[in-house]
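Each residue takes its place number in the sequence, starting with 1. No experiment lies behind these values; they were computed from the predicted model shown. All ligand and atom numbering here is 1-based and tracks the order in the structure.
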Amino acid sequence: MRTQVAIIGAGPAGLMLGHLLRAEGIDAVIVERASADYILGRIRAGVLERTTTDLMDRLGLGARMHAQGLPHDGFHLADGERLIRIDIGALTGRQVMVYGQTEVTRDLMDAAIDRGLEIIYQAANVALHDVDGNAPYLTYEKDGTIHRIDADFLCGCDGFHGPSRKMIPASVATAYEKVYPFGWLGILADVPPCNHELIYANHDRGFALASMRSETRSRYYIQVPLDERVEDWPDDRLWDELAIRLGPEAASHMTRGPALEKSIAPLRSFVFEPMRHGRLMLAGDSAHIVPPTGAKGLNLAMSDVHYLSEAIIGYFHRNDREAIAGYSDKALARVWKSERFSWQLTKLMHRFPDGDAFDRRMQVADLDYIASSVAAQTTIAENYVGLPL
Ligand code: RFL
Ligand code: PHB
């Protein structure tokens, strides 16, 4: 098979990239290791920046998101008894949208066939070849046969563990990484949220987050040590811990229910430079990871593919080779700003096992300043709602 752009990975990055290219008449094929059901069963992001919702709208795929998603004007930072509301609506004139990654993915998957975007699911042993020559291609196995796709460009949208990033030689690359000494244990349950907005809580026993997917489905997280096991957290223990960490006011509105999903995710900051090598471009989690505290991972994947689609469209429609060459720097400039925000919010809201009394005083001073300064709240709000593309 021959196509213009072969995309590895049908997560949000790969699917959105495929659609943005198809909307400009560029041929694209997505090769995905998992099945569609498996991808739709992964519970991940919940908060969309305006930049992300604008991309869905531009493609004409925002109808269900606007009907079912929850626009939010603000969120809370809690520290002990104190609740600081960040009024993102008043401070930035914009909102975020609470609409699950699962739903975004479903909307993009459902529209693929109609728009001529082919997705090959359950492709095993995907391998990239000749990425620094003029005729790159990939191979994969399906139904006992080896298939080959020749393309002008290969786009690695295959997440943190995919094969694409490994094709960029160490001699030209730099990886920056910070691994945090804790993870997030998440629970999804069909119960109404305890607050109509998100609450990020810094408690003596560790961080907690009250989030949601809809008015009847809640998503909560707690900070746990890295060696914690999900089996050690039966539902009752987890609800008890959430009630303590989120504080009496939130706890009094918290409805308990059986877990639909429960899992632990490690926290990491990671950036891989450059995001292009020859005719291979990386986008989304394949090139960078942020800790989930800032709700930036999915949104960064979307801004990457916005820049990447513009570069590829420039190449095919205007023979603009510079755009391809400039993709990495352009994407990384926004990536690093989101990395900074996610890292700062993580440091502000979590208890670090090696943290001392001074570190804690710094958190309290920071939160005091945020509580009293419109400038500080504006900084948080404009980062949370999403920096301009
Ligand atoms: P994905 O979603 O990981 O998709 C990559 C796809 O590539 C496929 N793949 C392969 N395909 C073919 N061959 C191979 N060898 C392959 N290897 C892998 C995989 O099967 C998969 O389908 O990456 P993408 O598209 O870059 O999207 C990134 C986002 O998924 C991620 O950044 C967010 O989920 C992060 N995140 C959040 N982001 C936000 O913007 N807001 C949030 O509120 C938010 N909350 C979260 C999160 C991530 C979490 N976890 C579990 C990591 C909360 C959590 C708990
Ligand atoms: C979520 O609802 O899953 C969620 C919300 C906000 C975050 C991270 C995760 O910062």
When the aromatic ring centroids of [X] and [Y] are compared, is their separation below 6.0 Å?
X: F153; Y: Y315; value: yes
X: F75; Y: Y384; value: yes
X: F272; Y: Y176; value: no

Side chains of D79 and H203: do they bring a donor and an acceptor to under 3.5 Å?
->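 There is no such pair between these side chains.
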Do Y99 and D107 have side-chain N/O donor and acceptor atoms under 3.5 Å apart?
->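 Yes, because at least one side-chain N or O of Y99 sits under 3.5 Å from a partner of the opposite role on D107.
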What residues, two or more places apart in sequence or in another chain, satisfy ring pair (Phe, Tyr, Trp, His ring centres under 6.0 Å) together with H147?
->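 H147: ring pair (Phe, Tyr, Trp, His ring centres under 6.0 Å) contacts with Y140.
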Other ILVMFWY residues reachable from V230 by side-chain steps of under 4.5 Å =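 Members other than V230 - counting any ILVMFWY side chain reachable under 4.5 Å - are L83, L185, I187, V191, I199, Y220, I222, V224, W233, L238, W239, L242, L246, M254, I264.
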Measure up the F207 and H350 rings against each other and bin them: parallel (under 30°), tilted (30 to 60°), perpendicular (over 60°).
->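 Judged by the thresholds at 30° and 60°, the geometry between F207 and H350 is parallel.
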Output, or 'none' if empty, a list of ligand 2-protein atom pairs in which both atoms are N or O and the distance is under 3.5 Å, rounded to 0.1 Å.
from	atom 1	to	atom 2	distance (Å)
ligand 2	2 (O)	S211	OG	2.6
ligand 2	2 (O)	R213	NH1	2.7
ligand 2	3 (O)	R44	O	3.4
ligand 2	3 (O)	R213	NH2	2.8
ligand 2	3 (O)	Y221	OH	2.6
ligand 2	10 (O)	Y200	OH	2.8
ligand 2	10 (O)	P292	O	2.7
ligand 2	10 (O)	T293	O	3.3
ligand 2	10 (O)	A295	N	3.4

Give one line per pair: atom of ligand 1, protein atom, distance. Only N/O to N/O under 3.5 Å.
from	atom 1	to	atom 2	distance (Å)
ligand 1	2 (O)	R44	NH1	3.0
ligand 1	3 (O)	R44	NH1	3.0
ligand 1	11 (N)	R33	N	3.1
ligand 1	20 (O)	E32	OE2	2.6
ligand 1	22 (O)	E32	OE1	2.8
ligand 1	22 (O)	E32	OE2	3.3
ligand 1	22 (O)	R42	NH2	3.0
ligand 1	25 (O)	P12	N	3.2
ligand 1	25 (O)	A13	N	2.9
ligand 1	26 (O)	D285	N	2.9
ligand 1	30 (O)	R44	NH1	3.1
ligand 1	30 (O)	Q101	NE2	2.8
ligand 1	32 (O)	D285	OD1	2.8
ligand 1	32 (O)	D285	OD2	3.3
ligand 1	32 (O)	G297	O	3.3
ligand 1	32 (O)	L298	N	3.3
ligand 1	34 (O)	Q101	OE1	2.7
ligand 1	38 (N)	G297	N	3.2
ligand 1	38 (N)	L298	N	2.9
ligand 1	40 (O)	A295	O	3.1
ligand 1	40 (O)	G297	N	3.2
ligand 1	40 (O)	L298	N	2.7
ligand 1	40 (O)	N299	N	3.2
ligand 1	40 (O)	N299	ND2	3.2
ligand 1	41 (N)	A295	O	3.3
ligand 1	43 (O)	G46	N	3.1

Candidate pair K262 and E231, rule side chain to side chain contact (heavy atoms under 4.5 Å, CB included), full reasoning | CA-CA 9 Å; K262 212 189 279 170; E231 304 77 68; over 6 Å; no
